[in-house]
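Step one of this worksheet: look at the structure below.
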2 protein chains.
Amino acid sequence: MLHWLRHYRRAMLPGDISAGVVVAMMMIPQGMAYAIVAGLPPVVGLYASILPPVLYALFGTSSTQSVGPMAIISLMTASSLAPLASQGSTLYTVLAAQLALLSGLVLLACGLLRIGFIANFFSRPVMSGFTIGSAVVIALGQVPTLLGAPWFTLHVPSAVLGLASLALLLLARRALAPVLRTAGLSPDAADIGSKLAPMVVVLGATALVPVLGLDALGVRTVGTVPAGLPGLNLAASHGHWQALVQPALLIGFMVFLISMSGAQALALKRAEKLQSNYELIGLGAANIGSALTGGFPVTGSMSRSAVNFAAGANSQLASLLAAALLALALLLPTGWLALLPLPALAATIIVAVIGMLDTSTLKTSWRYDRADAAALAATACGVLALGVEAGVVIGVALSMGALIWRASRPHIAVLGRIPGTEHFRNVERYSADTAPGLLLLRVDAGLFFGNVEAVNERIEDELAARPDTRHLVLVLSAVNAIDTSALFALGELNAMLAARGIKLHLAEVKGPVMDRLKHSDLLGALGGKLYLSTAMAWDDLAGT
Amino acid sequence: MLHWLRHYRRAMLPGDISAGVVVAMMMIPQGMAYAIVAGLPPVVGLYASILPPVLYALFGTSSTQSVGPMAIISLMTASSLAPLASQGSTLYTVLAAQLALLSGLVLLACGLLRIGFIANFFSRPVMSGFTIGSAVVIALGQVPTLLGAPWFTLHVPSAVLGLASLALLLLARRALAPVLRTAGLSPDAADIGSKLAPMVVVLGATALVPVLGLDALGVRTVGTVPAGLPGLNLAASHGHWQALVQPALLIGFMVFLISMSGAQALALKRAEKLQSNYELIGLGAANIGSALTGGFPVTGSMSRSAVNFAAGANSQLASLLAAALLALALLLPTGWLALLPLPALAATIIVAVIGMLDTSTLKTSWRYDRADAAALAATACGVLALGVEAGVVIGVALSMGALIWRASRPHIAVLGRIPGTEHFRNVERYSADTAPGLLLLRVDAGLFFGNVEAVNERIEDELAARPDTRHLVLVLSAVNAIDTSALFALGELNAMLAARGIKLHLAEVKGPVMDRLKHSDLLGALGGKLYLSTAMAWDDLAGT
């Protein structure tokens, strides 16, 4: 907790201050935009950007992670709440906070249970497919707002404003950094400057509203900003708890995955070590904090964290400063926010999610591993066709399927003796001697429920090819663990072999494995013997 | 297909005939009992015992598997249909057949997609916990029928009949086989004889109904058996398809798991090889067949298959014969079935599921691996507290959690040179030389999304402990595959190390891994070199 504060050095301050200012300016349009994606009033996005980073700074372990609203989590929020309340209703806002609370509790519980290893549940192609699918869903969802009218129609003043904002933002994304560099800024400063384009566009578009009387022309604006924080209202959501549990599990899971994938990339650059269980607790606290201030689910935002990093953030002080600046901005007169035109905000959302349409993973996996490319495509299509929750489930299923498939094909070698030595090697790769009646098998993986069937099948195949076998020696030099399922399987294998007149022996059992086997009946029931080395088994059994 | 028929030998016939007769006699009470567990009229259980084993015999690969109604699958059927229709309604019966159809299609699709490896998704303790939880739920569900009245009350004539049947069956389970052996039967024959006790008790109880006028006393009986097969009525279930998809996925999954776990145990005894993809197709066809004859989801029953095996079944001819005998029995006058008293049938159900309460897995895992014991208990409690579907989900989650946890902790060794040799070994286990500035790491697992973080963390730890490192050599002698996620991670590691002035080298890359890496940008971007052997890397880099 606050590890970074105890090691704070004065030299870190300038970087933290500049990063804090930049991130705050990035957060204002982004917070509002992602609140809209979540189906909430834009100002809720600002509320959700203050307390969460403060709480994350207390418990989290990344120095540069910027916690707050994030596009995909907002989409999941909207999708989870859609069946329960209509957007714009008080119930909807209350349920969004409730969802943040439950997601936070899920994360906190996972952290206290120390199951941070679940960050490994998604493969990178699956995560990429999930992100691409979500980005497309979000962008398509903003088109009506951008054009000021339902699909296949348009409201001309809104469309002009929206498309002009979009064009400006796309231009800034492409050309602003080079222009700034030509103007004499350092490459880093130019990059950061280009990231502030959304703030500039939003301010400019807002200024145009009273100047051109756009609201009178029918361009929709943010409208009156409710005074004060809505707060957490547990009573109002009575009866909805149960319906929120499953969404909270999925959202908590994705909050963690998204935050970790961003933070790990940055941690690698700084040789910094993240602790996933503390990350879970930090993100859990951040979401509970969001709930307490009437917000909605939040996570570490990759794009914002990268800007924070590039702008020189050395510690979580940068995020604390950004939060303080945002709180200050909300204390100033916020009347101008009411005039902010929604088409311009829609344009910032679309440009933000275009940045998530990374095709390099698709290209690489297409060239490198078609199965991974197929998993990426299936996850993206799943999100598009069945929704973002189904996308998470499909992603987990594909990743786990890949994992169990891999685990269910352990490498198994028939060993033979290298003539004149005490060394034993794979007979397929070395010219090694075998002895009649003796089969030496080395399994190059821990034995567990996922591969015992494969081991059994291989043993059957080898025995079928060597019907004279009377001794089977399992060489366990690469077996670091044997789980309960594999223990039973070994017991059954031993009994089955005994019934067929074949003795099962074990060789090179590792210390920790042996300690555990002593708590079982296997060693007592074993038809054959235990050998310290394969050579001892060979000397004892070959030619008998 | 029909592989066994082409290799049929005349000597197999006597065993198949005796097993067929025994299994048919076991199937009559069992089929009716499990139809009751599924919430269906008992006769539906008989229908579901005829076509499914015939279709399984066409496609399946186990010689002794007996396919038909099974307790746990029946419980899952009842639980899936409960929210959709009330027991006893026509809709309920139609939806049960629909569920069998969908489950069959799921199984067939999995078979055609060749994803039989999903049989490895449950660990043995999790399966045991699931079975125990389900058995308790089924037994508790039968208590009101056994006592002829709702919970905490009883209907004396029903309770007397039910408890007497229960006592007789429990006695038969315990003592009948020894008695038969004393009477001169062989141990196998005595065992099989004791398995026919349910048939005898059911027939005896049925005979008592008219003799004692039990129905007039209020003992509930099976009642009129509908004439003919109900058949598949797709129109009647219009609008329920969607609600049945998720249950069908879960039921299809468990049908496969339950059938495979039983069949594998028997296959092991016969040195017979099952092919999981054909098993999927066989079970899929069996369930579609069940649907076509108005049945409900079916699977391979462990208890019935074991009797089939013990009674001498040599091939699927035994199951075909049992099915034919059952069909014949339904052609005979079935009026007597109407008199079958439900309390006696409830007693057979309770005794059957008591046989599933195997505590040996719990005892063994408690002594051997507390985490496995906890997974068993959690799954059993999940079934009891949250229902059988939640139990499947909890079981998968716990098994997959265990798998990813295991996968996320690969064995990684820092290597050193055994003085005076070209051999490199783990410096923690051998006294081996290291060279300043050179770090040799061997990862003893394929690199993939589940362990790249662990590898990164270990590298950071080792680099932190050796700040003078300028060359990091990853020794990939045990790496059989590198997936797309790990490919990206290696690329990022290479860039990160380069930024810190450290070169990344690869040594002992296996042929198939190298072939694949050639389709990526990694080799071109690599800061260091590729070495055929660790010794060559040492000679090149040590002391530079």
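So you know, we letter chains A, B, ... as the sequences are listed, proteins then strands, and number each from 1.
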Open item on the list: Which one wins on heavy-atom pair count under 4.5 Å against chain A: B:G446, B:S485, B:G401?
Closed with: B:S485

Open item on the list: Quick check on A:T361 against chain B: is it the side chain, the backbone, both or neither that has a heavy atom closer than 4.5 Å?
Closed with: both

Task: side-chain contact (heavy atoms from CB on, under 4.5 Å) partner of B:L447, the single match among B:V513, B:L487, B:V455 - done: B:V455

TODO: Look only at the side chain of A:R370 and the backbone of A:W366, and say whether a donor-acceptor pair between them is shorter than 3.5 Å.
DONE: yes

Open item on the list: Report which part of A:S399 has an atom under 4.5 Å of a heavy atom belonging to chain B: side chain, backbone, both, or neither.
Closed with: both

Open item on the list: Quick check for you: among A:S128, A:A464, A:P125, which has the greatest number of heavy-atom pairs under 4.5 Å with chain B?
Closed with: A:P125

Open item on the list: Among B:R367, B:R500, B:H411, which residue has the highest count of heavy-atom pairs closer than 4.5 Å to chain A?
Closed with: B:R367

Task: Best-contacting candidate, A:E460, A:R516, A:K518, against chain B by heavy atom pairs under 4.5 angstrom - done: A:R516

Task: Engaged part of A:I482 at the chain B interface, taking heavy atoms whose separation is under 4.5 Å - done: both

Task: Partner chain A: residue of B:I404, B:L463, B:D369 with the largest heavy-atom pair count (under 4.5 Å) - done: B:I404

- [ ] Side chain from CB out, backbone as N, CA, C, O: work out which of these in A:R409 comes under 4.5 Å of a heavy atom of chain B, or both, or neither.
- [x] neither

Open item on the list: If we define contacts as heavy-atom pairs under 4.5 Å, which of A:M496, A:E457, A:M127, A:Q264 has the most with chain B?
Closed with: A:Q264

- [ ] Determine the option with the most heavy-atom pairs under 4.5 angstrom with chain A, choosing from B:T484, B:L493, B:L403.
- [x] B:T484

TODO: Output yes when B:K363 and A:D521 qualify as a salt bridge under the 4.0 Å nitrogen-oxygen rule, no when they do not.
DONE: no

Task: Contact origin within B:L517 toward chain A - heavy atom pairs under 4.5 Å - done: both

- [ ] Hey, could you give me the CG/CG distance between B:L522 and B:L504, rounded to the nearest 0.5 Å?
- [x] 7.5 Å

Open item on the list: Do B:N277 and B:L280 make a side-chain contact, defined as non-hydrogen atoms from C-beta onward lying under 4.5 Å apart?
Closed with: yes

Open item on the list: Using side chain to side chain contact (heavy atoms under 4.5 Å, CB included), reason through A:N451 and A:E453 one step at a time and then give a plain yes or no.
Closed with: CA-CA 5 Å; A:N451 62 19; A:E453 267 319 299; over 6 Å; no

- [ ] Heavy-atom distances under 4.5 Å only: say whether B:A499 touches chain A with side chain, backbone, both or neither.
- [x] neither

Task: Residue A:Y368 versus chain B: region with a heavy atom under 4.5 Å - done: both

Open item on the list: Donor-acceptor check, side chain of A:E279 to backbone of A:F256, threshold 3.5 angstrom: yes or no?
Closed with: no

TODO: Measure the CG-CD1 distance between B:N494 and B:I502 for me, rounded to the nearest 0.5 Å.
DONE: 11.5 Å

Open item on the list: I'd like to know if B:K273 and A:D461 make a salt bridge, using a cut-off of under 4.0 Å between side-chain N and carboxylate O.
Closed with: yes

Open item on the list: Less than 4.5 Å to any heavy atom of chain B: does that hold for the side chain of A:D444, its backbone, both, or neither?
Closed with: neither

TODO: Measure up the B:F122 and B:F253 rings against each other and bin them: parallel (under 30°), tilted (30 to 60°), perpendicular (over 60°).
DONE: perpendicular

Task: Contact origin within A:L274 toward chain B - heavy atom pairs under 4.5 Å - done: backbone

